[in-house]
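Single-structure report; data block below.
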Amino acid sequence: MRRKGVVGVVMAFALAASLCGCGGQDSPQSNTPTTTGQSANQTTASGSGENNTTDKTVEKPASISWWTHDGLNEADYVKEWDAKFQELTGIQLEHTQVANNEYTELLEVAFASGTEPNVFDVSCDQKVAYYASQGGIADLTDLVKSSGLYDKVDPAVWEAISIDGRIYGIPKGEASGIETYIRQDWLDQLGMEVPKNYEEYINMLRAFRDNIDKCSVPVVAPGLHAAMNLPEFYWDAEAGFTYVDGQWVDGMLQENFAGAMQRLQDAYAENLIDMEVITNTTSACRDKWYSGEVGAFSYWGGKWGDTLTARLQENFPDAKVTGMEALDESYYRFSSFTLWCIDGRLPADQVEQVFRYFLEYINDGDEGQKLYYCGVEGLHFDYDADGNMVYKNMASSPDNTFQSVWGTPWQAVVPFKEPDKVPQPSDIVIDTLEVLNKTGVYMKTTPVSQTLNQITSDLTVIRQETIANIVMGKVSVEDGLASYRSQAESLGIQQVLNEMNTK
Amino acid sequence: MSSGNKKATSPDNKMILSNKDKPLSVRLYKYRWMYLMYLPVFIVLLIFEYIPMAGIVIAFCNYTPFTPKPEFIGLKNFQVLFGSELFWRSFKNTLIISSVNIVLSLTTCVGLALLIDEIKTVWFRKVVQSIIYIPHFISWVVVASIFTMILSPTSGLINGFIEKLGGQPIYFLADEKWWRPMLWIIERWKGIGWGTIVYMAALTGVDQEMHEAATIDGANRWQRVLHITIPAISPTILVVFIMDLAKVLNIFEPVWVLQNAAVLSVSDVIGTYVYRIGITNAQYGMSTAAGLFRSVISVVLVTLANRASRKIRGEGILS
């Protein structure tokens, strides 16, 4: 009896401790930015927003906590960068670098334990809508508009990142997009032009397959369900929620989706698409491209255009690569934006402090923005004879120069005051970005739906399964999509759409 | 109490008084240094194993990391879970994949241990053991990459042989017929060596005199294995079996790194299902409910196996 009593006490203690833990979150003790409390450090922030013109002082915080999971390697003078930030702003930056593959989980754990940072990034295609609905990220709409930042950025960017008209973060940079790279030397060998429409494109792939000995894979892609990876087949179809004529709809239940599936199924049956497309990872696709067995590959524009060409030419010096313009029937897609967000649990005055002294500073087009994108003089960049900033070689990889610090200068959403002075992209990067920008379309952030929160996982699984089964020829397009419709309806897809469109 | 007093007052009984019969305080004092040494372990167990168990309350709550107070919703998470076809599909897949895994694991590991036991040259035996242990130390991500290459329908080694023999290439990892057999083969490749360790230890305890006697009686090698070695190590086989049974529903890593959209109908298991709804979907209540369900099933399986063992062999490993 006594032993049972002891066990009971232990269990009761355990439960009580757990429940206390839950209750403790009632008043979360997050990493609140500390304020200096010195009037000398106060500044005046005046705004020119359309609705919220303000003119008031905002106290400077003594410290701001910031999480990053990409950008500079630790060996590439991160501590020096943080010190420079403090030197320029007088604010201590509590900067934590988190492993990229653990970032999402660690951020949620931090929220659960009330230790989340003041500033962190969230991707629009993953959790911005969810975090916003839960109060995890602060609504910055009024601050963005009153600060003048709103007017410096392309309205299409704000439109793309807004949720129900509200802004929850500042883009880390312009969204990257995927475009299609083609082996120009193979086209030359075959006497063909870069295709302009689907028919020419398919003929080109057939010619690669039949007449180029080295070509074992006319088109490579990592998986089948992302339209941006296979734009030539998807055209305007999407395998997710999409905004059509002012309404959110399930892209897989639209008429154009059946056409996309038929094109993919036909191409797969003809061995025009890599047989291993289902199990391909992006790195496997890149390796196949570098090994010279691939004719066409849709991948990130910008810096990657440079890398894909250079790495291919290391193995095949005569190889030429061209960035194909989107086919007449199709368009390229920009990825979702990633936003710098502010902890939604901070009191409004502290949110404003962090916004003013961090987010606004790194998007000021001048000193702060240069620090963010170009780094520290003498470590990340030097000035050339003309006074232009030129990236230096990396400490972590001495044979390579920096291409970015926390972002790439030519992808900044706020223009630099002296754009010619910051590091410039190479010609290949300029070309690939030009191709992308011609038809590139921003993906709109999916609005919040409580039902979707519950069924996302199951819905994603049945979508991926349906597409794989159709493309691999296990079911017909009609049967596959009919089966999807029935499964999606039983999961409550209509309820999801109702919730999305009600807002 | 009265019988206890009698025992204590009887001078004869004092001689045979076991530790169990002494008061707790006496026993605590007697073994105080042992308990002191155990204390850190106990504290660690309490903090990291038992207190977190209280987290199962989340299974009955609507919980997100942002909710100040989890809202108690009773069995609603279980209702939603049990109403999901994909959950039951993952449950079925888990049982199929894991039960075959257990059978394969037992037979291959015992078989290999018996074979290694037959190697008489010590240095060669050690080399063999070292080599077969290596795959255990390779991470599942790397193993998946290796086998994706080996099983590739376009450039893989296996399909190379098949094509040389006039066959058509098979997309092993994207074919519903082939995916599970491939998983089992890969699992065995990685785990067979490590799995032999326990049996090798058990084999060293087999009485050699029995073998000598059986040899004199004319038993051949196979008969000796069948009638002496295997019965001798059967308690170990039983322990391993019951311990494996406790983990039967925990399979996650190999499935996660090898599954793909084309084979989800045969590869999705509870572990991957829980991961998706928990981490990807942030439905912690549902995820915990699924995890709790898995634990309950595991406890039931272990209890049943233990009872069966007691009935058949007269002993189990649990009290």
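When reading the values below, keep in mind they use all heavy atoms of this one structure, side chains included, and skip hydrogens, waters and symmetry mates. Chain identifiers are assigned alphabetically (A, B, ...) following the order of the sequence lines, protein sequences preceding nucleic acid strands; residue numbering begins at 1 within each chain.
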Given heavy-atom pairs under 4.5 angstrom as the criterion, report whether the side chain, backbone, both or neither of [X] touches chain B.
X	answer
A/Thr456	both
A/Glu105	side chain
A/Asp458	both
A/Ile462	side chain
A/Met472	side chain

Using the ring of each side chain (for Trp, its six-membered ring), is [X] parallel, tilted or perpendicular to [Y], with breaks at 30° and 60°?
X	Y	value
B/Phe91	B/Phe87	parallel
B/Tyr31	B/Tyr35	perpendicular
A/Phe120	A/Phe111	perpendicular
A/Phe297	A/Trp289	tilted

* Asked: Between A/Glu465, A/Met275, A/Gln464, which residue shows the highest count of heavy-atom pairs closer than 4.5 Å to chain B?
  ->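 Going by pairs under 4.5 Å, I would pick A/Glu465.
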
Answer with side chain, backbone, both or neither: which region of [X] has an atom nearer than 4.5 Å to a non-hydrogen atom of chain A?
X	answer
B/Tyr284	side chain
B/Ser84	side chain
B/Leu86	side chain

* Asked: Who among B/Leu173, B/Ile56, B/Thr154 has the most heavy-atom pairs with chain A under 4.5 Å?
  ->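 Option with the greatest count: B/Thr154.
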
* Polar contact flag, side-chain donor to acceptor under 3.5 angstrom, A/Thr104-A/Glu108 ->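 Not at all, the side chains of A/Thr104 and A/Glu108 share no donor-acceptor pair under 3.5 Å.
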
* Return yes if a side-chain donor-acceptor contact under 3.5 Å exists between B/Asn62 and B/Lys76, otherwise no. =>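 Not at all, the side chains of B/Asn62 and B/Lys76 share no donor-acceptor pair under 3.5 Å.
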
* To do: Any chance you could measure B/Asp175, atom CG, to B/Tyr171, atom OH, to the nearest 0.5 Å?
  =>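 Separation between the atoms: 10.5 Å.
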
